[in-house]
2 protein chains.
Amino acid sequence: MRKTSSTNFLNQAYLEEKCALNELIYLLSKRWITEVLFSIEEGNNRFSSLKEDLRYISDNILADRLKLLEQHKLINRNGHTPEVPSRVEYTLTSTGHSLSELLDGMCQFAEKNIHFPDKSS
Amino acid sequence: MRKTSSTNFLNQAYLEEKCALNELIYLLSKRWITEVLFSIEEGNNRFSSLKEDLRYISDNILADRLKLLEQHKLINRNGHTPEVPSRVEYTLTSTGHSLSELLDGMCQFAEKNIHFPDKSS
DNA sequence: CAGAATCCAAAATGATACTG
DNA sequence: CAGTATCATTTTGGATTCTG
């Protein structure tokens, strides 16, 4: 739960309102979220399959990221079949695919242009 | 100071090593950093000028972001003139300009394609 | 002016145990 | 299988005070 009165919170809100870019970056900055997106794109569309692919992710984080991606309409969640117990499938939406392409571009940019210093700061 | 032994840290390192994209996103996710970049591009090339433009930023954060941008060679820091006391100027490098353009593209994408849910989670 | 140092508040991550 | 709940750890942001 977030405190809606802190300067910390207010600054975040101010920046997100100022430009949608900040909200997109805020989403992407959640750890593992791009990996989850890519992994689903590669065909890992089950919770367990994703967990296996992203070895070091923990349950609650994966669940949270899936929820976030779904809320932003980047993935679809198909489940709720009453017969089979808990069989859920995730797939990318068209927006999800677009984002994935955008990220590919960013990745190329990053590899070409960004010089990464040592992290001794 | 970060603990280099925590799973938290190790996962971050793992992701950054896996793809430069994650390192770029990690940089961009630092609050205010894109605003600082844009503000410098718009001609605010002094510490005080930036502080004025980005009303709610605090000194230490601004200083930290400038340092980060410099380390990544996205901005130049011209100062150290012994005559004038503490007159420092910041300008974008060519990579900084490229990044700014990339971010413009991302911003358009964000405004068009991303559906932002309410934050009641 | 352009920060650096210190300290506290807040948020994100992750380990573990549990559930329908 | 696909999560949820709780808790502790780690990291980040920001207010304030100080300095060459």
Side-chain angles (χ1 to χ4, degrees), chain A residues 1-15 22 26-33 35-36 40 44-52 54-68 70 75 77-90 119 121, chain B residues 1-15 22 25-33 35-36 40 44-52 54-70 75 77-90 119 121:
Chain A
M1 191 72 108
R2 305 181 65 171
K3 300 222 169 141
T4 55
S5 58
S6 65
T7 305
N8 190 323
F9 177 88
L10 290 174
N11 277 344
Q12 174 71 30
Y14 165 75
L15 289 171
N22 287 313
Y26 183 57
L27 176 69
L28 295 178
S29 75
K30 299 299 191 150
R31 198 174 291 173
W32 297 104
I33 204 158
E35 304 297 321
V36 173
I40 293 174
N44 300 302
N45 42 21
R46 305 277 300 288
F47 193 93
S48 52
S49 169
L50 287 164
K51 246 196 90 60
E52 205 177 343
L54 311 169
R55 292 218 305 297
Y56 305 122
I57 200 170
S58 56
D59 291 8
N60 44 3
I61 300 293
L62 178 54
D64 178 72
R65 298 314 186 248
L66 287 169
K67 207 174 293 176
L68 279 172
E70 193 196 356
I75 61 174
R77 182 180 190 279
N78 312 318
H80 255 235
T81 20
E83 318 101 54
V84 205
S86 295
R87 170 172 279 271
V88 178
E89 298 211 339
Y90 296 98
K119 316 282 198 327
S121 55
Chain B
M1 193 74 108
R2 303 181 67 170
K3 301 223 169 141
T4 57
S5 57
S6 64
T7 304
N8 189 322
F9 177 89
L10 291 175
N11 277 344
Q12 173 71 30
Y14 165 76
L15 289 172
N22 288 313
I25 289 177
Y26 184 56
L27 176 69
L28 295 178
S29 75
K30 298 300 191 151
R31 196 173 293 173
W32 296 105
I33 204 158
E35 303 298 322
V36 173
I40 293 175
N44 299 301
N45 43 21
R46 306 276 299 287
F47 193 93
S48 51
S49 169
L50 287 164
K51 246 196 90 61
E52 205 176 343
L54 312 169
R55 291 218 306 295
Y56 304 123
I57 201 172
S58 57
D59 290 8
N60 45 1
I61 301 293
L62 178 54
D64 178 71
R65 298 314 187 248
L66 287 169
K67 206 175 293 176
L68 280 171
L69 287 169
E70 194 197 354
I75 60 173
R77 182 180 189 277
N78 312 317
H80 256 235
T81 20
E83 318 103 53
V84 204
S86 294
R87 169 173 279 271
V88 178
E89 298 212 338
Y90 296 98
K119 315 283 199 324
S121 57

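The sequence lines fix the lettering, A, B, ..., with proteins before strands; numbering per chain opens at 1. Values in this document were obtained by computation on a predicted structure and should not be read as measured data.
Of the candidate nucleotides D:dC1, C:dA10, D:dG3, C:dA10 has the atom lying nearest to any side-chain atom of A:Lys3. Which of D:dT12, C:dT13, C:dG14 sits closest to the side chain of B:Asn11 comes down to C:dG14. Listed candidates were D:dT12, C:dG3, C:dG14. Nearest to the side chain of B:Leu66 is C:dG3. Minimum atom distance to the side chain of B:Arg46 is reached by C:dC1, of the listed C:dC1, D:dA2, C:dA17. Each of D:dT12, D:dT11, C:dA12 was ranked by its minimum atom distance to the side chain of B:Lys30; first place goes to D:dT12. For B:Arg77, the listed nucleotide lying nearest its side chain is C:dG3; candidates were D:dG14, C:dG3, C:dA17. Between D:dG14, D:dT11, D:dA5, one nucleotide has an atom nearer to the side chain of B:Ser6 than all others, and that is D:dT11. Comparing atom distances between the B:Phe47 side chain and each of C:dT6, C:dG3, D:dG3 picks out C:dG3 as nearest. Closest to the side chain of A:Ser58, out of C:dA15, C:dT6, C:dA2, is C:dA15. If you check C:dA2, C:dA10, D:dA15 against the side chain of A:Thr7, the one that comes closest is D:dA15.
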Test side chain to side chain contact (heavy atoms under 4.5 Å, CB included) on B:Val36 and B:Ile75 and set out the steps.
-> CA-CA 10 Å; B:Val36 173; B:Ile75 60 173; 5.9 Å; no
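In terms of position on DNA chain D, the residue among A:Lys67 and B:Tyr56 whose nearest nucleotide sits closer to the 5' end is A:Lys67. Toward the 5′ end of DNA chain C lies the nearest nucleotide of B:Tyr90, the other residue of the pair B:Gln12 and B:Tyr90 mapping further downstream. Toward the 5' end of DNA chain D, the nearer of the two residues B:Trp32 and A:Ala63, judged by each one's closest nucleotide, is A:Ala63. Take the nearest nucleotide of DNA chain C for A:Phe9 and for A:Asn60: the residue whose nucleotide is more 5' is A:Phe9.
In this structure, the CG atom of B:Leu68 is 13 Å from the P atom of C:dG3, given to the nearest Å. As a whole-Å value, the separation of B:Tyr26 OH from C:dA12 C1' is 11 Å. One atom, CG of A:Asp64, and another, P of D:dT6, lie 16 Å apart when rounded to the nearest Å. In this structure, A:Leu54 places its CG atom 14 Å from P of C:dT13, rounding to the nearest Å. In this entry the distance linking CG of A:Asp59 with C1' of C:dA15 reads 10 Å, nearest Å. Distance CD1 (B:Ile57) to P (D:dT12): 16 Å, rounded to an integer number of Å. As rounded to whole Å, 13 Å separates atom P of D:dT4 from atom CD1 of A:Ile61. One interatomic measurement links the two molecules: CD1 of B:Ile33 to P of D:dT12, which rounds to 12 Å at whole-angstrom precision.
Atom OG of B:Ser5 and atom CG of B:Leu10 lie 7.5 Å apart (nearest 0.5 Å). Distance check, rounded to the nearest 0.5 Å: CD of B:Gln12 to OH of B:Tyr26 gives 5.0 Å.
At a cut-off of 3.5 Å, with distance as the only test, no side-chain donor of A:Glu52 or A:Asn44 sits close to an acceptor on the other residue.
Contacts of A:Asn8 with the nucleic acid, taken as non-hydrogen atoms under 4.0 Å apart, involve only primed sugar atoms and P, OP1 or OP2.
B:Ile40 approaches B:Tyr90 most closely through the heavy-atom pair CG2-O, 3.6 Å.
In terms of phosphate contacts, A:Arg31 brings a side-chain nitrogen or oxygen within less than 4.0 Å of OP1 or OP2 of C:dG14.
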Would you mind writing out the side-chain donor-acceptor pairs for residues 58-67 of chain B within the sub-3.5 Å range, not counting sequence neighbours?
{"residue": "B:Ser58", "atom": "OG", "partner": "B:Asn60", "partner atom": "OD1", "Å": "3.0"}
{"residue": "B:Asp59", "atom": "OD1", "partner": "B:Lys51", "partner atom": "NZ", "Å": "3.0"}
{"residue": "B:Arg65", "atom": "NE", "partner": "B:Arg31", "partner atom": "O", "Å": "2.8"}
{"residue": "B:Arg65", "atom": "NH2", "partner": "B:Arg31", "partner atom": "O", "Å": "3.4"}

